[in-house]
2 protein chains.
Amino acid sequence: MDVNNLCLGVLCLGDASGYEIKKMCEESFSHFQAASFGSIYPALAKLTDSGLVTFREETQEKRPIKKVFSITPKGREQFLETLRKTEPTEQYRSDFLVLMMFAHLQPPKQLEKAIDIQMANIRGELEILHKVLESCHELTAGMRFTIEYGIAANQALLELIEARKAPLLEAIVREQSQFTPKEQQS
Amino acid sequence: MDVNNLCLGVLCLGDASGYEIKKMCEESFSHFQAASFGSIYPALAKLTDSGLVTFREETQEKRPIKKVFSITPKGREQFLETLRKTEPTEQYRSDFLVLMMFAHLQPPKQLEKAIDIQMANIRGELEILHKVLESCHELTAGMRFTIEYGIAANQALLELIEARKAPLLEAIVREQSQFTPKEQQS
DNA sequence: TCCGATATATATTGGATCGATATATGGACG
DNA sequence: CGTCCATATATCGATCCAATATATATCGGA
């Protein structure tokens, strides 16, 4: 989903500044969406020009001035239209799997390190997701589902790696002491 | 991983044209990387200028001229260096989960449709991955692992949705007939 | 015959996004 | 004082994408 609509969505949940929208992407949405300041601020400017959001400036103590954005009825309708038209798609990219794909080109120690880091990453992710589940009592069923979804996937991956790590490294060592298929033909 | 290195990686597996590199991203790498023509061709041009790859032109029958790229020793070393320096990270974006996140704003029928489409998407993905596992007998252990990884995640998600779909829709219907938390405060 | 769809091919463009950077107001720490 | 962190807004150049263009074919339908 593009950042314009992501901002509209966040603002449907309540007024927020650009910084808070980014924070929310890093917290509630972090396991399934992301957006950078480089795209959030121009998006908010554009949404303001289009009359989909408005903003007021707040002065704070010890803090810079804060621009708090609110969604307009027009913006809300726009976002509902987006929800109607959005296809349920997913996009996944993994540098970890690229490393695994080219395991035959790397020393086993290097691979083992990558696997261990990935396992730690997944454990960290699971910890965060479990914490959110436990600590937020105002979650809607839909929000709760997004977290369960993240937990299910990460849990399955962690278990797979735990089960496959040793045999995988053994197989890779074995392959590297043998003929490497296909690649020798280049 | 950036497209320059992705191209180098594919070429480590054997000579290929720009079109074939794209095809490979759509097949062997499809569940964990992607690259568009808009980035592949400029990348290949840049890699050629840098001496990391070379190409020859092949004339074909009933087909346009084909530029087949090969990796140079310098290109191969560059890719090995990339493998050394790459952190095992992942990036996941799901419009499906955005729809779930904002379930409270949508009619249950619309949500059910999205859920069904997503389940079909996952089943299709699983079918493809299983087919690749069965039909390719030259897979290295690393390549096989990437497919098992994809299967594990998708299988877990499918099972979760199957288990949670009905109670989720019920909960959403219930919520929509009650007070909607937090969002009414905007 | 033309059109749309498909496959194999190369190539480019404008818009979207990112990571890095800049600026501002603070506080904590070495 | 400099670095790091947090809260804030804002921008820039590099990268990537979807769409588009062109080329060589084939097939099916109007």
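Quantities reported herein were computed from a predicted structural model and do not represent experimental measurements. Proteins come first, then strands; the chains are lettered A, B, ... in the order of their sequence lines, and each starts at number 1.
Inter-residue side-chain proximity for B:Ser17 and B:Glu20 is flagged as met; some heavy-atom pair is nearer than 4.5 Å. B:Ile161 is listed as a side-chain neighbour of B:Ile122, based on a closest heavy-atom distance under 4.5 Å. Side-chain contact between B:Arg93 and A:Met1 is absent, with no heavy atoms from C-beta onward closer than 4.5 Å. Counting heavy atoms from C-beta outward, A:Leu133 and A:Ile151 have side chains that approach closer than 4.5 Å.
The residue A:Ala35 sits close only to the backbone: its heavy atoms come under 4.0 Å of sugar-phosphate atoms, none of a base. As judged by a 4.0 angstrom heavy-atom cut-off over every strand, B:Ala45 is placed among residues making no nucleic acid contact. Across all strands shown, B:Gly38 has heavy atoms under 4.0 Å from base atoms, whether or not it also approaches the sugar-phosphate.
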Walk me through it: do B:Phe102 and A:Phe79 pass the test ring pair (Phe, Tyr, Trp, His ring centres under 6.0 Å)? CA-CA 10 Å; B:Phe102 295 101; A:Phe79 184 62; 4.9 Å; yes

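Residue B:Ser39 has a polar side-chain atom (N or O) positioned under 4.0 Å from OP1 or OP2 of D:dC17. Residue A:Arg93 places none of its side-chain N or O atoms closer than 4.0 Å to OP1 or OP2 of C:dC18. Within the 4.0 Å cut-off from OP1 or OP2 of C:dT8, not a single side-chain nitrogen or oxygen of B:Ser17 is found. Residue B:Tyr19 has a polar side-chain atom (N or O) positioned under 4.0 Å from OP1 or OP2 of C:dT8.
Atom NZ in B:Lys67 sits about 8 Å away from atom C1' in C:dT10, given to the nearest Å. The interatomic distance linking B:Met1 (CE) with D:dC16 (P) rounds to 12 Å, in whole Å. The interatomic distance linking A:Tyr41 (OH) with D:dT11 (C1') rounds to 12 Å, in whole Å. Rounded to whole angstrom, the span from the CD atom of A:Glu20 across to the P atom of D:dA8 amounts to 6 Å. Between the C1' atom of D:dT9 and the CZ atom of A:Arg56 lies a distance of 16 Å, rounded to the nearest Å. Rounding to whole angstrom units, NZ of residue B:Lys23 and P of C:dT6 are separated by 11 Å. Look at CZ on A:Phe69: it is 9 Å from C1' on D:dT9, rounded to the nearest Å. In this structure, NZ of B:Lys46 is placed 17 Å from P of C:dA11, rounded to the nearest angstrom.
Between the side chains of B:Thr86 and A:Asp95, no donor-acceptor pair is found at a separation under 3.5 Å.
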Just the atom pairs and distances: protein N or O near nucleotides 25-27 of chain C's N or O, under 3.5 Å.
{"unit_1": "C:dG27", "atom_1": "OP1", "unit_2": "A:Lys62", "atom_2": "NZ", "d": "3.4"}

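Closest of all the heavy-atom pairs between B:Gly142 and A:Leu168 is N-CD1, 4.2 Å.
Closest-nucleotide positions on DNA chain D for A:Gln60 and A:Pro42 were compared, and the one nearer the 5' end corresponds to A:Gln60.
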